[in-house]
Asker: 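One structure coming up, written as C-alpha cells, with questions to follow.
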Protein chains: 2
Amino acid sequence: MQEEMKDAKAKILLVDDEPDILEIVSYNLKNEGYQVYTAENGEEAIKKAKKKKPDLIILDVMMPVMDGIEACEKMRRISELDHTVITFLTARGEDYSMIAGFDAGADDYITKPVKPRVLVSKVKALLRRKDNTAPAASNITKLGDLVIDRDQYKIIYKKEEMILPRKEFELLSLLTTKPGKVFKREEILDVVWGNEVIVGGRTIDVHIRKLREKLGDDSFKTVKGVGYKYVK
Amino acid sequence: MQEEMKDAKAKILLVDDEPDILEIVSYNLKNEGYQVYTAENGEEAIKKAKKKKPDLIILDVMMPVMDGIEACEKMRRISELDHTVITFLTARGEDYSMIAGFDAGADDYITKPVKPRVLVSKVKALLRRKDNTAPAASNITKLGDLVIDRDQYKIIYKKEEMILPRKEFELLSLLTTKPGKVFKREEILDVVWGNEVIVGGRTIDVHIRKLREKLGDDSFKTVKGVGYKYVK
DNA sequence: ATTCCATGTTAGCTTTAGGTTAACTCAATG
DNA sequence: CATTGAGTTAACCTAAAGCTAACATGGAAT
C-alpha cells in the first residue's frame with residue numbers, strides 16, 4: 001500500500017492560458033493526490049518550474065507571451081529539469097506541432113479535447129514510465145577502475161569504454177565474479193566454453209594474454225598448476 | 001491471429017440485478033455482434049471486469065450487495081480498466097445519482113426506461129467515442145532524433161515521419177526499449193517472432209540491415225556471437 | 001477472381017571478427 | 001639441466017554476420 005505513495009506526491013506543473021482548463025484539470029489531478037502548480041504562460045511556467053522542480057510538466061502549445069514550444073526549449077536547457085517529463089497539450093490534427101514539440105525536447109503529447117479521466121490515466125502512465133526509465137536495472141560490476149556492464153557487453157577501464165570479444169568478455173566476467181578467487185582451468189572451460197567443447201591446452205592462456213594486454217598485466221595472476229585469478 | 005478484432009466484437013459487461021433486463025438487453029447487444037457478459041451485482045461485476053477486460057461496462061446504479069457507484073469507483077482503480085468506458089443505467093429523474101456517477105468516474109449515463117434501439121445506438125456511439133479516446137494513451141519513446149510511437153506504429157526520424165513494416169518496427173521497438181543493452185538473438189526471436197515460430201538464421205540480419213538502411217548504420221551495433229544493440 | 005505490391009523469409013554466397021592451434025620460448029622447480 | 005606448465009606469436013580456421021536476389025505469402029486494389 002505504501003509504494004502507491006511514491007507517485008502520489010508527484011509534482012505536476014500545468015501550463016495553459018485558459019483558466020477554465022487549468023481549474024478543471026488541476027481539480028482532477030489533485031483528486032488523484034498530485035501536487036499541482038499552474039502557470040498561464042511560458043514565462044511564468046519557467047519561473048515556477050525552476051522553483052518547484054516538478055516531475056511532470058503539461059504544456060499547452062498555443063499560449064500568449066511565450067508559447068509552449070519556446071518554453072519547452074528553454075526548460076530543456078535547465079539542468080535541474082533533466083529528469084522532468086514534459087508533455088504537450090495540442091489540438092488534435094496539429095501534427096506539425098507535435099513534431100515541433102518533440103524537436104523542442106518534449107517526451108510526449110496529449111491531444112485536446114481530452115477527458116479528465118483520460119488525462120489522469122495518461123499522467124499516471126507518464127510518471128510510471130519515468131520511474132522505470134531512471135533506475136536502469138542493469139547488472140554492473142565495479143572493481144576499482146574497471147566497470148563491467150553485462151547488459152551492454154562492454155567494459156569501462158580507466159574511464160575508457162571498450163568492447164571486448166565475446167570469449168574475452170566472458171572470461172573476464174567470470175574471473176571478476178569473485179576477485180581474488182583462483183579459478184581452475186577446468187572451471188573456466190566449463191563456464192566459458194561449455195564442457196562439451198574441447199579446446200587445446202593453450203587456448204585459455206591466449207585469452208588471458210589478450211586481457212592482460214588490454215587491462216594491464218598485473219590484474220591477472222597465474223597460479224601454476226591450478227588456474228588464474230583476478231585481483232584489483 | 002488473435003488480435004486485430006475491430007469493435008465488431010467489442011466486449012460489453014452488463015450489470016443489473018433484474019434478470020429480465022439482463023436478458024432483453026443482452027439479446028439486443030448480441031444481435032449487433034457484441035460479446036456480452038453479465039453480472040447481477042457489483043461484486044460479480046468487478047470479478048468479471050478483471051477477467052474479461054471489457055470495452056464497455058453498463059452499470060445499473062441501484063443494486064443489492066454493492067451498488068453501481070461503489071462498483072464504479074472500485075473498477076476505476078483497476079489499471080487494466082483504464083480504457084474501459086463505464087456508463088450508468090439510472091432511472092429518469094434521479095439526478096443525484098448521475099452526479100455521483102460522474103464523480104465515481106463514469107463516462108456517461110443512460111436513463112431508464114430505455115428502448116433497446118436507443119440503447120444499442122448509444123452503445124455504438126460510446127464505443128466509437130472510446131476509439132477516439134484510446135490513441136491518446138500513446139506510448140512513445142524518444143531517443144535523440146528518433147521518436148517511436150508504438151500506438152500508431154510509426155516513427156519520426158530526423159523530423160520525418162515514416163512507417164515501418166511490422167517486423168522492422170517491432171525489432172526497432174524492442175531494441176530501443178533499452179538503448180545500449182545487447183539483445184541476444186534468442187531474445188529477439190522470442191519477442192519479435194514468438195518462440196514457437198522457427199525462422200532461419202539469417203532472418204534477423206536482414207531486418208537489421210533494413211533498419212540500418214533507413215535509420216543509419218551506426219545506430220545498430222553488432223555484438224558478434226551475442227546479438228545486437230541500439231545506440232543513439 | 002486476378003493482379004499487384006509490400007512484406008517476410010530463405011538460400012547461398014562473401015566477408016570478417018574472433019577463436020584456436022602449433023610451434024617455439026621462457027621460467028620455475030626439484 | 002630436465003621436466004613441466006605457462007607465455008608468446010603468428011598462421012590458420014571457422015562460425016557468425018553481411019549481403020543479395022529469389023521466392024512465398026497475404027492483403028489490397030481492380
Asker: Return the set of residues passing side-chain contact (heavy atoms from CB on, under 4.5 Å) with A/A106 (not counting sequence neighbours), or none when no residue passes.
Answerer: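 Once residues adjacent in sequence are excluded, the partners of A/A106 under the side-chain contact (heavy atoms from CB on, under 4.5 Å) criterion are A/C72, A/F88.
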Asker: Provide, to the nearest angstrom, the distance between the CZ atom belonging to A/F220 and the P atom belonging to D/dT8.
Answerer: 13 Å
Asker: Just wondering, do B/V25 and B/L89 contact through their side chains at under 4.5 Å, heavy atoms?
Answerer: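 Side-chain contact under 4.5 Å: no.
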Asker: Please give the angle, rounded to 10 degrees, between the axes at the start and the end of the helix from C/dA1-D/dT30 to C/dG30-D/dC1, where five pairs define each axis.
Answerer: 30°
Asker: Rounded at 0.5 Å granularity, tell me how far NZ in A/K154 sits from CD1 in A/I140.
Answerer: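 Rounded to the nearest 0.5 Å, the NZ-CD1 separation comes out at 8.0 Å.
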Asker: Taking only residues two or more places apart in sequence, or in another chain, which ones meet A/I78 in a side-chain contact (heavy atoms from CB on, under 4.5 Å)?
Answerer: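 A/I78: side-chain contact (heavy atoms from CB on, under 4.5 Å) contacts with A/I46, A/K50, A/E80, A/L81.
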Asker: Would you check, one step at a time, whether the test side-chain contact (heavy atoms from CB on, under 4.5 Å) holds for B/E32 with B/V123?
Answerer: CA-CA 10 Å; B/E32 290 293 318; B/V123 163; over 6 Å; no
Asker: Calculate, to the nearest 0.5 Å, the distance between atoms CD1 and CD belonging to A/I204 and A/E186 respectively.
Answerer: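 Between A/I204 CD1 and A/E186 CD, I get 10.0 Å after rounding to 0.5 Å.
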Asker: Which of residues 176-188 of chain A sit near DNA chain C, with a heavy atom under 4.0 Å from it?
Answerer: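 Output list: empty, so none.
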Asker: At less than 4.0 Å, is any side-chain N or O atom of B/W193 found next to OP1 or OP2 of C/dG8? Yes or no.
Answerer: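 So the side chain of B/W193 is outside the cut-off, no N or O lying under 4.0 Å from OP1 or OP2 of C/dG8.
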Asker: Kindly list each side-chain donor-acceptor pair under 3.5 angstrom involving residues 218-227 of chain A, sequence neighbours excluded, with atom names and distances?
Answerer:
from   : atom 1 : to     : atom 2 : distance (Å)
A/T222 : OG1    : A/R212 : NH2    : 2.7

Asker: Return the residues of residues 160-175 of chain A meeting this criterion: a heavy atom under 4.0 Å from some atom of DNA chain C. Order them by number, or give none.
Answerer: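 A/P165, A/R166, A/K167 - these, ordered by number, are the residues of the stretch whose heavy atoms sit under 4.0 Å from the strand.
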Asker: Show your working on side-chain contact (heavy atoms from CB on, under 4.5 Å) between A/L119 and A/N28 and close with a plain yes or no.
Answerer: CA-CA 9 Å; A/L119 186 124; A/N28 279 283; over 6 Å; no
Asker: Answer yes or no: is there a side-chain heavy-atom contact under 4.5 Å between B/Y37 and B/E44?
Answerer: no
Asker: Sequence neighbours left out, what passes salt bridge (charged side-chain N to carboxylate O under 4.0 Å, His left out) with A/K181? Give chain and number order.
Answerer: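 Result, salt bridge (charged side-chain N to carboxylate O under 4.0 Å, His left out) vs A/K181: A/E187.
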Asker: Side chains of A/E161 and A/D149: closer than 4.5 Å at any heavy-atom pair?
Answerer: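 In short, these two side chains do not touch, never coming nearer than 4.5 Å.
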Asker: Select base, sugar-phosphate, or nothing to describe what B/Y228 touches, counting heavy atoms under 4.0 Å on all strands.
Answerer: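 Result for B/Y228 = sugar-phosphate.
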Asker: Sequence neighbours excluded, which residues qualify as side-chain contact (heavy atoms from CB on, under 4.5 Å) partners of A/D103?
Answerer: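 Testing A/D103 for side-chain contact (heavy atoms from CB on, under 4.5 Å), a comparison that skips the adjacent residues, returns B/K159.
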Asker: Given side chains that start at C-beta, do those of A/L143 and A/Y230 come closer than 4.5 Å, heavy atoms only?
Answerer: yes
Asker: Between A/K214 (NZ) and C/dG18 (P), how many Å, whole number?
Answerer: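 Interatomic distance, NZ of A/K214 to P of C/dG18: 8 Å.
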Asker: Sequence neighbours left out, what passes salt bridge (charged side-chain N to carboxylate O under 4.0 Å, His left out) with B/E213? Give chain and number order.
Answerer: B/R209
Asker: Not counting sequence neighbours, which residues clear side-chain contact (heavy atoms from CB on, under 4.5 Å) with A/E70? List them please.
Answerer: A/M66, A/D67, A/K74
Asker: Using a cutoff of under 3.5 Å, can you pull out all pairs of nitrogen or oxygen atoms linking the protein to nucleotides 25-27 of chain C, with atom names and distances?
Answerer:
none

Asker: Contacts to DNA chain D from residues 200-210 of chain A, heavy-atom cutoff under 4.0 Å, which residues?
Answerer: A/R202, A/D205, A/V206, A/R209
Asker: In the structure I gave you, are the side-chain heavy atoms of A/K214 and A/L164 within less than 4.5 Å of one another anywhere?
Answerer: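 Yes - at least one pair of side-chain heavy atoms lies under 4.5 Å apart.
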Asker: Tell me whether the OP1 or OP2 atom of D/dG18 has a side-chain N or O from B/T222 closer than 4.0 Å.
Answerer: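 It does, given that an N or O in the side chain of B/T222 lies less than 4.0 Å from OP1 or OP2 of D/dG18.
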Asker: How many whole angstroms separate atom NZ of A/K229 from atom P of D/dA6?
Answerer: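 Result: 15 Å.
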